[in-house]
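Computed from a prediction, not measured in an experiment: that's the story for all the values here. Residue numbers count from 1 along this sequence.
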Amino acid sequence: MCGITGYIGKNNNAIKVVMDGLESLEYRGYDSSGIAYTNNNKLNVIKEKGKIINLKNNIDFNIKSNLAIGHTRWATHGEPNKVNSHPHQVNKFTIVHNGIIENYIELKEELLKNNYTFKSSTDTEIAVAYIDFIYKKEKDILKTLNYITKVFRGSYALGIICNDDLNNLYAVRKTSPLIIAKGTNENYIASDVPAILKYTNKYMLLDDYEIAKISSDNIEIYNQKLELVTKDTLEFEGTYESSMKNGYEHFMLKEIHEEPNVFKDTINTYLDKDFKNIPGFSKYNNIHIVACGSAYHTGLVGKYLIEKYANIPVYVEVASEYRYKHNFYDEKTLVILVSQSGETADTLACLKKVKEDGIDTLGIVNVVGSSVARESKYVMYTKAGCEIAVATTKAYLAQLTVFSVITMYLTNNKTLIEEISTIPTLIDNLINKDYKPIAKEIYKNKDIFFIGRGIDYSIAMEGSLKLKEISYINSVAYQAGELKHGTISLIEKNTPVIAISTDDTLSEKTISNIKEVKARGAKVIFVTNQNINDNFYDIKIDIPRVNELLQPILTIVPLQLLAYEVAKLNKCDIDKPRNLAKSVTVE
Ligand code: AGP
């Protein structure tokens with residue numbers, strides 16, 4: 001996902017602030033970067049392929065500039081190269097863009113007829129050319145940007161500089177996130193809060209189709225009728241340091257170590273002696289859970305717990321499938337959308353479709369004020385704080401915690417409050433075990449299997465995703481009982497099989513499945529809360545036994561750390577795995 005930063009201010013700190021911001025957004029994943037900055041009333045554009053250091057090497061940080069925009073690009077249209085990098089400039093306009101202009105081809109045809117030519121293969125260059133084209137008619141920047149909000153289709157967050165007005169930085173958005181942040185004699189724009197935390201924690205959220213006109217000491221925001229609107233100023237609860245590594249080698253490791261407090265903060269938001277901050281569920285007799293990736297995996301755990309304990313039917317689907325299927329919902333359905341970033345395009349598209357059909361929605365979201373949070377009828381925030389590593393860990397654990405709380409709420413179960421108080425220490429104990437010896441046993445393998453039954457299968461899916469997304473080892477999670485129906489043909493001597501068993505009612509069958517793979521030479525890593533000493537496994541990872549509503553929160557911790565240690569041995573870019581983005585804002 002692309003990253004945008006922008007600065008305007010009397011302190012002439014534009015280049016440093018914009019570049020600091022881009023570095024704070026590296027976690028989003030990118031393949032090139034660029035900056036446009038004013039100097040002596042001239043606009044300079046520098047852009048480079050590859051890591052931000054390539055851009056920094058071409059910048060003179062002694063230049064005092066009062067206006068700049070910056071961009072990290074995650075290529076969608078056009079390969080990663082200098083020409084396709086942002087900012088893109090056409091005549092008086094220079095822009096940076098996050099999102100996809102879906103009708104760029106028809107816009108290009110109109111522009112070609114008006115003698116525009118193009119250097120890059122991007123939709124963004126067409127967008128800035130179209131802004132220039134309309135400006136020549138409107139001769140007013142606000143009217144021009146308002147016009148394009150009625151023409152551009154798709155998603156966009158735009159940072160805009162116009163040579164006719166270098167006293168203002170402009171911004172406009174639809175679907176792609178953009179914040180306007182407030183400093184002292186300077187103001188900022190950014191795709192996400194970490195980009196400005198070094199300078200301020202006060203920010204506003206731009207809504208779809210709104211235009212921001214930002215000077216060094218004033219921020220004006222206009223709606224689609226070009227009326228001035230007022231916005232609440234939000235204060236981010238974390239600090240710049242809390243969004244940085246604080247001495248850990250990787251953000252992922254830091255964020256796993258934060259899990260005891262994340263559990264505490266999340267559970268305390270919804271439960272002390274009684275339940276609080278939980279929307280009413282009583283009018284619903286069926287639930288749909290829609291999400292992507294790891295968030296989808298927490299939905300599977302939620303399904304298992306809610307169906308087993310609250311006896312409410314739950315249907316779970318990945319968002320990219322759900323939005324195109326004929327779904328059976330009505331006024332008694334609650335659709336729950338789970339999303340750490342709250343900006344995942346597929347999940348957001350489902351939310352909009354379901355709302356159009358008049359169905360109630362609950363967002364389980366980590367980023368305060370994100371699109372899913374703002375567009376859902378109800379929202380339950382996970383209190384994971386800023387999660388920088390692309391591979392989610394603490395936010396995933398917080399989502400599990402919310403589903404545990406929902407199940408306790410639906411069954412009015414207040415009997416776990418004492419056991420809940422032990423969970424942070426139990427998580428910490430699991431974090432402080434050494435998983436390196438186990439990682440050394442498997443990090444050279446090309447295929448690693450995860451198996452489990454029932455709720456353990458859902459955890460196996462997340463353990464497998466964590467491993468493959470950061471260590472690049474092919475991994476798959478299988479229902480333990482299903483392996484023998486074909487896939488067991490792949491098991492050969494020393495094939496690692498990570499078998500999860502925490503459900504006593506299924507343990508015997510799972511152990512039979514483990515013996516099946518063991519008999520074919522597998523190297524079995526047994527992850528369990530059961531005291532079983534036998535030779536059907538090679539390595540055992542013990543998990544404390546707690547109530548089933550809380551068990552998944554413990555089971556996932558060793559799997560996250562095992563994935564981390566394997567990725568480290570494979571010398572992978574753990575926080576920014578290849579090809580991945582922290583939030584996938586394209587469909
Ligand atoms: C998490 O490790 C993955 N990188 C990814 O699957 C992620 O969970 C998915 O893209 C959903 O993101 P969201 O929670 O921000 O919607």
Side-chain angles (χ1 to χ4, degrees), residues 1-6 21-22 24-30 69-74 76 86 95-101 124 127 149 152 154-160 169-182 187-197 200-212 214 219 221 231-236 238 243 292 295 319 337-352 363 365-376 379 381-382 384-388 390 392 395 581-587:
M1 185 177 65
C2 304
I4 288 175
T5 60
L22 292 186
S24 307
L25 294 176
E26 281 194 280
Y27 71 88
R28 298 159 72 92
Y30 71 100
I69 50 178
H71 189 264
T72 49
R73 179 175 183 246
W74 190 71
T76 52
H86 303 203
I95 72 169
V96 287
H97 169 217
N98 178 23
I100 289 182
I101 306 296
T124 305
T149 64
F152 286 4
S155 57
Y156 52 86
L158 300 176
I160 303 152
L169 167 63
Y170 291 86
V172 61
R173 68 147 298 193
K174 175 183 169 285
T175 306
S176 295
L178 198 65
I179 64 171
I180 315 294
K182 303 165 82 168
N187 292 307
Y188 324 90
I189 61 171
S191 300
D192 198 356
V193 173
I196 46 92
L197 269 181
T200 182
N201 68 344
K202 293 180 178 56
Y203 66 101
M204 294 179 269
L205 298 166
L206 211 52
D207 280 313
D208 279 358
Y209 307 115
E210 287 181 341
I211 301 163
I214 309 158
I219 295 171
I221 293 177
K231 288 277 178 179
D232 296 336
T233 298
L234 304 172
E235 284 207 8
F236 183 72
S243 71
C292 301
L337 302 113
V338 189
S339 176
Q340 187 285 130
S341 63
E343 300 300 346
T344 298
D346 289 320
T347 308
L348 206 46
C350 290
L351 170 55
K352 289 181 178 171
V365 185
N366 194 45
V367 176
V368 174
S370 57
S371 301
V372 171
R374 283 187 288 160
E375 307 228 1
S376 296
V379 63
Y381 281 116
T382 50
C386 206
E387 186 175 69
I388 302 289
V390 166
T392 183
K582 180 61 182 170
S583 170
V584 184
T585 56
V586 293
E587 293 168 35

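Residues passing the ring-ring contact (aromatic ring centres under 6.0 Å, His included) test with Tyr203: none are found, sequence neighbours excluded. For Ala349, the side-chain contact (heavy atoms from CB on, under 4.5 Å) partners are Arg323, not counting sequence neighbours. Under the side-chain contact (heavy atoms from CB on, under 4.5 Å) criterion, Val172 pairs with Ile148, Thr149, Tyr156, Leu158, Ile160, Ile211, not counting sequence neighbours. Partners of Lys202 by salt bridge (Lys or Arg N to Asp or Glu O under 4.0 Å), not counting sequence neighbours, listed by chain and number: Glu235. Listed by chain and number, the residues in a side-chain hydrogen bond (donor to acceptor under 3.5 Å, both in side chains) with Ser155 amount to none (sequence neighbours excluded). Judged as a side-chain hydrogen bond (donor to acceptor under 3.5 Å, both in side chains), and not counting sequence neighbours, Asn187 has no contacts. Applying the side-chain hydrogen bond (donor to acceptor under 3.5 Å, both in side chains) criterion to Lys352, with sequence neighbours excluded, gives no partner residue. Legend: residues meeting ring-ring contact (aromatic ring centres under 6.0 Å, His included) with His86, ordered by chain and number and at least two apart, are His71, His88. Residues passing the side-chain contact (heavy atoms from CB on, under 4.5 Å) test with Ala127, sequence neighbours excluded: Ile95, Ile101, Phe152. Residues passing the side-chain contact (heavy atoms from CB on, under 4.5 Å) test with Ala295, sequence neighbours excluded: Ala291, Val338, Gln399. For Lys174, there are no side-chain hydrogen bond (donor to acceptor under 3.5 Å, both in side chains) partners, not counting sequence neighbours.
Between Thr233 and Lys182 there is a side-chain heavy-atom pair separated by less than 4.5 Å. Within the 4.5 Å cutoff, the side chain of His97 has no heavy atoms near those of the Ile4 side chain. Side-chain contact between Ile179 and Ile189 is absent, with no heavy-atom pair separated by less than 4.5 Å. Between Ile388 and Pro194 there is a side-chain heavy-atom pair separated by less than 4.5 Å. The shortest distance between side-chain heavy atoms of Val372 and Leu348 falls below 4.5 Å.
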For the pair Asp346 and Val584, evaluate side chain to side chain contact (heavy atoms under 4.5 Å, CB included) and give the outcome as yes or no after the intermediate values. CA-CA 8 Å; Asp346 289 320; Val584 184; 5.7 Å; no
Checking Ile221 against Met204 for the side chain to side chain contact (heavy atoms under 4.5 Å, CB included) test, could you report, in this order, the C-alpha distance in whole Å, the side-chain angles of both residues, the deciding distance, and whether it holds? CA-CA 10 Å; Ile221 293 177; Met204 294 179 269; 4.2 Å; yes
As a quick check of understanding, evaluate side chain to side chain contact (heavy atoms under 4.5 Å, CB included) for Ser376 and Leu351, giving each step before the final call. CA-CA 7 Å; Ser376 296; Leu351 170 55; 3.7 Å; yes
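Remark: Leu22 CG to Thr72 OG1 distance equals 6.0 Å, nearest 0.5 Å. A distance of 7.5 Å separates CZ of Arg173 from CG of Leu178, quoted to the nearest 0.5 Å. Interatomic distance, NZ of Lys582 versus OG of Ser191, reported as 15.5 Å (0.5 Å rounding). A distance of 7.5 Å separates CG in Leu169 from CD1 in Ile180, rounded to the nearest 0.5 Å. Rounding to the nearest 0.5 Å places CG of Asp192 at 9.0 Å from OG of Ser341.
Across all their heavy atoms, Gly385 and Asn366 have their closest contact at O-ND2, 2.8 Å. Considering every non-hydrogen atom in both Pro177 and Asn98, the closest pair reads CD-ND2, 4.3 Å. Contact between Gly3 and Leu25 at its shortest, heavy atoms only, is CA-CD1, 3.9 Å. Scanning all heavy atoms of the two residues, the minimum distance from Glu387 to Ala395 falls at OE2-N, 3.0 Å. Here the closest heavy-atom approach between residue Glu343 and residue Ser371 is recorded as OE1-OG, 2.6 Å. When all heavy atoms of Leu337 and Cys350 are compared, the pair lying nearest together is CD2-CB, 4.1 Å.
A salt bridge (charged side-chain N to carboxylate O under 4.0 Å, His left out) check over residues 367-376, counting only residues at least two apart or in different chains, returns the pairs Asp207-Arg374, Lys355-Glu375.
For Lys231 (side chain) and Leu205 (main-chain N/O), a donor-acceptor pair under 3.5 Å exists by modelled atom type.
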